Amino acid sequence: MNRKIMSAVGVAAATSLALTGCGGESEPAAAEGPVTITLAGWDFASTPEFQTLADAYHEANPDVTVELKEYPAGDDYDTALTADLSAGAAPDVFIVKNLKNYVTFTEGGTLLDISDVAAELDPETGGLESMAVDGVTYAVPYRQDSWLLYYNKALFEQAGVDLPDGSWTWDDYAAAAEELTTGIDEKQVTGTYLHSWQSAVQGFALAQTEGASIDGGDFSYLAPYYERELATQEAGAQPSYATVTTNELTYQAQFGTQKAAMMPMGSWYIGTLVAEQESGAAETFEWGIAPMPQLDESTTGTENTPVTFGDPTTMGINAGIDESKIATAKDFLRFAAGPDGAAALAEIGITPALIDDAAADAIFSLEGVPQDDLSRFAYTTHETLPENPVGPTTAGIQTILGEMHSAVMSESTPVDEAITEAEERVANEVG
Amino acid sequence: MTTPVVGRQRTLGFSQPAPPPPLRTPRTSLKLRNALIGWTFILPNFLGFAVLTLVPVFTLFYMSLTDWNIFGTAKWVGLDNFARLVGDKSFHIALGNTFYYAALHIPITIVVSLSLALLLNQKLRGAAFFRTVAFFPYITSIVAVAVVWNMLFSPEFGPINQFLSLFTDGDVPGWTVSKDWAMPAVIIVGTWKDMGYYMLLFLAGLQTVPGELQEAARLDGANAWQRFLNVTLPCLRPTMFFVTVMVTIQSLKVFDLILVMTDGGPGQATLVLSQYIYQKGFEQFDFGYASAIAVVLFLICIVVTVVQFLYNKRKEA
Amino acid sequence: MAARPSALQRSGRVLLYVVMIIAAAGIMLPFAWMVISSLKLNNQVFTAPVQWIPDPVQWRNYFDIWVKADMVTWVRNTLVVSVAVTFLQVLTGSFAAYGFAKMRFPGRDALFLLYIGTIAVPWQSYMIPQFQMLSSWGLNNTLWAIMLLQAFGAFGVFLMKQYYESIPDSLSEAARIDGLSEYGIWWRIIMPLSVPALASLTIITFVQTWNDYLGPLIYLRDRELWTIQLGLQSFIGEYNAEHALVMTGSVLSVLPIALIFLFGQRYFIQGIATTGVKG
């Protein structure tokens with residue numbers, strides 16, 4: 001195979017090392033002459049990752065053109081892609097954006113078996129392992145965001161509260177939030193901000209609680225997490241769920257315009273915040289990232305590996321692809337999920353599934369990204385568990401848990417009652 | 001355009017030759033001819049309608065008898081999906097909420113939009129402006145509508161509650177984030193959004209009420225309310241039937257508004273059938289089951305419509 | 001209004017106007033919020049409590065939207081689709097309605113119920129089978145699909161049929177005796193008398209097509225084919241959203257419809273009563 005090594009931003013050494021594993025056996029070499037494969041992505045204007053991967057691959061393989069097909073962002077991507085898949089009109093390669101739909105896609109026969117591609121990838125690739133369904137892999141992660149704690153250094157100083165040091169449990173976090181709120185003492189500025197998504201509570205509970213599972217029928221592990229959030233909103237240390245939803249607050253505005261001193265959010269926000277500070281959409285202030293608070297002290301501190309959550313974003317091949325293009329498509333996946341793709345993504349501030357030192361260097365060399373050690377530790381060291389573990393019942397259970405989330409956070413239903421109700425509904429409706 | 005003057009023969013480019021005098025035509029062939037002409041009127045629309053709507057709708061009915069995840073082939077399961085509905089608590093909740101919404105939204109919308117139409121059908125200064133204003137909620141983007149009403153309803157910061165708390169000592173409803181108040185909130189916004197639309201339909205209908213009848217009633221000493229009951233309302237019957245059927249069906253399948261305002265929440269407090277269909281179909285890929293729910297919704301609508309249809313026929317006779 | 005108004009009537013009228021103006025202001029509030037938001041910085045759109053006065057005022061959003069986005073293309077596509085759909089819906093709907101309202105033939109009522117019945121089926125439950133069908137004809141990712149989707153709906157037929165029924169049969173009887181064919185009666189007699197209904201059908205169909213989001217979302221992929229609603233949604237990205245621009249675009253997309261309505265609305269109130277026909 002005549003794959004050229006991408007030599008972007010001095011990552012050549014690392015990439016070439018990892019590359020030695022592939023080539024050789026696999027399928028017959030990609031079709032002769034120019035080949036075009038199509039790739040489904042979303043919202044290209046503000047999501048450059050697809051174009052970046054396509055360009056990087058084309059540069060390495062001038063014979064192959066990756067043509068992008070644009071879909072809308074958000075949940076609409078799934079709706080539109082579902083329609084196209086059902087009508088046989090979907091592109092050759094597409095993003096499995098929502099992990100909870102993965103099993104349906106595989107059961108529906110829409111994805112090609114790409115276990116051979118998965119076998120060649122670095123086993124360190126975030127989320128790769130969990131993509132195997134009965135030993136067969138149909139999609140490989142190329143991007144893996146994890147949740148981190150963002151904090152505003154200026155507001156911490158103003159309140160006279162010590163900066164996060166990686167040793168925090170959730171109780172420390174809650175105490176700091178209240179201390180910050182009283183310390184800052186400004187109208188409409190709170191110690192922390194929790195967005196309205198169900199994952200912002202449930203994702204951590206599921207990842208950090210020993211033995212917790214989404215399909216085990218027991219949701220008692222959610223209780224302490226909900227009680228803490230309710231107490232924090234009761235104390236006025238974060239905007240209430242009612243306010244967040246009815247005023248449609250955006251997390252970008254809350255943190256970016258210094259309305260909140262802390263905020264748990266996914267690593268994608270690094271790129272957004274850097275860009276917004278540059279454009280002036282966000283105010284200019286010094287910020288940092290810290291590991292997420294932990295359930296107990298067994299995983300806190302920089303000598304341990306903090307546990308957080310995040311779903312990988314994965315890529316699979318349309319089962320209806322033209323046979324002559326399969327080899328090329330697989331090669332593209334190998335590229336995108338491998339070190340070359342990782343380097344290309346990191347360069348534009350996106351967290352690849354494979355975070356090696358080169359990728360981390362690339363991210364932290366971007367202007368505006370905090371340079372302190374804890375930020376780098378938080379970014380590179382964590383055990384990230386999926387929010388949507390791959391399983392046939394995940395989608396159904398998440399709907400029920402989502403409804404439970406709004407009932408609890410709006411204080412319509414007490415925590416214990418809501419949990420019992422959700423358990424009953426799962427037993428009754430899913431399966 | 002002027003009304004044709006009765007008594008003058010007209011030849012039209014596309015018209016058929018004048019029908020032969022009825023006396024020489026046997027009844028059956030006249031009937032046949034009528035049916036044929038009737039069909040030529042209906043056909044252009046019906047062709048498009050049959051292919052583009054009826055075919056997919058029949059497919060949907062078939063899918064309701066299968067297990068289908070959209071992608072693979074559908075597996076015949078007979079009435080299993082319908083049997084499953086019997087024990088599905090979420091379905092019952094959605095059904096109940098749908099009736100709750102419809103039971104309030106239908107009468108309120110009809111009363112409000114008819115009143116608006118009557119008011120704005122008068123020769124008022126600025127009526128054109130007010131008619132446009134009343135129509136505005138219908139053309140404003142539904143996202144903006146949801147956003148603004150949610151802000152107005154905001155329990156902590158919303159002006160509605162700030163106003164209410166003047167009278168209630170701070171004991172105010174939680175509106176869209178409260179289980180008990182979310183549905184009333186959605187009904188208020190639904191009515192507000194739809195009133196201009198139905199007002200428009202009523203306005204068109206009001207133009208068929210002959211002015212001289214009104215005048216005659218007035219001369220007979222009928223007051224405004226009597227004139228409305230005995231002149232306006234009977235003349236408005238076809239429009240009333242149309243509006244009632246439409247507002248009923250639209251209420252029973254309300255979707256967009258709830259999706260953007262509350263997304264069915266909090267909990268399942270505002271989960272309605274259309275949304276449940278979408279949830280089952282596009283979030284959980286249980287498309288056979290989703291189709292079965294759609295069929296149930298269809299049957300409910302059709303029963304209500306047929307009742308209205310028969311009632312209307314009886315009144316007509 | 002007959003007679004001269006008494007003092008009581010006059011003060012009643014003043015009160016009526018006060019109430020109407022207050023109601024109008026309330027009704028226009030969401031639109032006002034759209035305008036206000038379109039003059040804000042992006043991160044000021046959603047705040048608690050609501051900020052009703054933009055500071056600083058961002059007029060440039062109204063400039064940016066033409067530069068940053070393909071607004072011209074979106075407007076063109078939306079206009080093409082809306083005009084085509086409205087034309088087909090009004091023409092075929094009013095034509096078919098005549099068959100249902102004024103002709104008698106077996107199966108008419110059943111067929112009519114079938115029409116109404118389809119209104120009762122939520123579109124999102126059969127949009128996939130419909131999409132598969134149109135795709136198999138190669139019509140996905142074309143504007144044709146959007147036109148076909150909405151042009152032959154049952155709504156227009158229903159609306160026009162109900163209106164025709166309120167036109168006295170004596171009119172068409174007289175014309176029939178005069179030798180006018182059924183088509184002639186439809187075109188020469190019924191249509192001119194149905195202007196208010198035609199006007200409402202036109203505006204409603206136009207608005208529905210203009211504001212449709214789910215249809216274009218399912219069918220249209222290429223940027224060159226996007227409609228306004230689809231295009232505006234593209235401002236709401238995965239990790240950041242240009243809310244101020246969305247509102248700017250929404251204001252711009254509402255204005256033409258509002259203007260059409262404002263200037264076209266005399267047609268809604270011009271019917272039998274004003275054409276001087278005696279039934």
Side-chain angles (χ1 to χ4, degrees), chain B residues 1 3-4 6-7 9-10 12 14-16 18 34-35 37-38 41-42 44-45 48-49 52-53 56-57 59-60 70 128 130-133 135-137 139-141 144-145 148 151 157 200-201 203-204 207-208 210-211 238-239 241-242 249 253 274 277-278 290-291 294 297-298 301-302 305, chain C residues 20 24 27-28 30-31 33-34 48-50 92-93 95-96 98-99 103-105 116-122 124-126 128-130 148 151-152 157-159 162 165-166 174 179-184 188-189 192 196-197 200 207 250 254 257-258 261-262 265 268-269 271-273 275 277:
Chain B
M1 195 155 280
T3 332
V6 172
Q9 185 79 28
R10 278 165 190 271
L12 295 162
F14 60 92
S15 73
Q16 310 281 311
N34 255 340
I37 295 180
F41 273 106
I42 293 170
N45 186 276
F49 171 75
L52 295 159
T53 308
V57 167
T59 316
L60 163 84
I70 297 191
F130 287 114
R131 268 179 229 134
T132 312
V133 166
F135 195 58
F136 242 88
I139 56 177
T140 307
S141 116
V145 167
V148 174
M151 284 177 179
F157 298 100
L200 187 63
L201 299 174
L203 266 180
Q207 310 316 314
T208 64
T239 307
F241 172 65
F242 173 67
I249 293 178
K253 55 177 218 180
S274 285
I277 292 170
Y278 193 81
S291 303
L297 178 55
F298 164 80
C301 289
I302 214 74
T305 307
Chain C
M20 274 169 51
I27 289 171
M28 292 298 278
F31 181 74
W33 180 84
M34 273 166 67
V50 183
T92 68
F95 197 56
Y98 187 84
M103 306 294 295
R104 283 180 205 288
F105 57 90
I116 303 184
T118 60
I119 303 179
V121 186
Q124 66 270 19
S125 68
Y126 66 89
I128 290 290
Q130 194 181 39
L148 287 175
F152 304 101
V157 178
F158 190 15
L159 189 150
Q162 292 309 113
E165 283 185 352
S166 54
L180 213 55
S181 72
E182 295 297 328
Y183 308 100
R188 300 263 161 160
I189 310 227
S200 345
V207 171
S250 301
V254 165
I257 303 178
F261 189 92
L262 186 64
Q265 50 128 6
F268 299 120
I269 48 159
I272 291 177
T275 46
V277 176

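Because the structure is a prediction, the values reported are computed rather than measured. In the text below, chain A, chain B and the rest are named by the order of the sequence lines, each starting its count at 1.
Under the 30°/60° scheme for interplanar angles, the aromatic rings of C:Tyr183 and B:Phe41 are found to lie parallel.
Both the backbone and the side chain of B:Leu200 come within contact range of chain C, each with at least one heavy atom under 4.5 Å from a heavy atom of that chain. For C:Val207, the part lying under 4.5 angstrom from a heavy atom of chain B is the side chain only. If you measure heavy-atom distances from B:Ala290 to chain C, you find no contacts under 4.5 Å at all. Heavy atoms closer than 4.5 Å to chain C are found in both the backbone and the side chain of B:Phe242. Both the backbone and the side chain of B:Ser274 come within contact range of chain C, each with at least one heavy atom under 4.5 Å from a heavy atom of that chain. Contact annotation for B:Ile42: both backbone and side-chain heavy atoms come within less than 4.5 Å of a heavy atom of chain C. Only the side chain of C:Met34 comes within contact range of chain B, with at least one heavy atom under 4.5 Å from a heavy atom of that chain. Contacts of B:Phe136 with chain C are made by side-chain atoms alone, with heavy-atom separations under 4.5 Å and no backbone atom involved. Only the side chain of B:Thr305 comes within contact range of chain C, judged by heavy atoms closer than 4.5 Å. Residue contact with chain B, scored on non-hydrogen atoms closer than 4.5 Å, involves the backbone and the side chain of C:Ser200 alike.
Options C:Phe158, C:Phe31, C:Tyr98 differ in how many heavy-atom pairs under 4.5 Å they form with chain B, and the most are formed by C:Phe158. Looking only at heavy-atom pairs under 4.5 Å with chain B, the residue among C:Gln124, C:Gln130, C:Glu182 that has the most is C:Gln124. Annotation: maximal heavy-atom pairing with chain C below 4.5 Å, among B:Val133, B:Thr59, B:Ile70, occurs at B:Val133. Of the listed residues (B:Ile139, B:Ile302, B:Leu60), the one with the most heavy-atom contacts under 4.5 Å to chain C is B:Ile139.
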Derivation of the side-chain contact (heavy atoms from CB on, under 4.5 Å) call for C:Glu165 and B:Phe241: CA-CA 11 Å; C:Glu165 283 185 352; B:Phe241 172 65; over 6 Å; no
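Smallest separation of non-hydrogen atoms from B:Ile277 and C:Ser125: CG2-CB, 3.9 Å. Of all non-hydrogen atoms in C:Tyr126 and B:Pro56, the two that sit nearest each other are CD1-CB, 3.7 Å.
B:Leu52 contributes atom CG, which lies 11.5 Å from atom OG1 of C:Thr118 (distance to the nearest 0.5 angstrom). One distance of note links CD1 of C:Ile257 with OG1 of B:Thr132; it measures 12.5 Å at 0.5 Å rounding.
Under the 4.5 Å side-chain criterion, counting only non-hydrogen atoms from C-beta, B:Asn34 is not in contact with C:Phe105. Taking 4.5 Å as the limit, every side-chain heavy atom of C:Pro196 sits out of range of all side-chain heavy atoms of B:Leu203.
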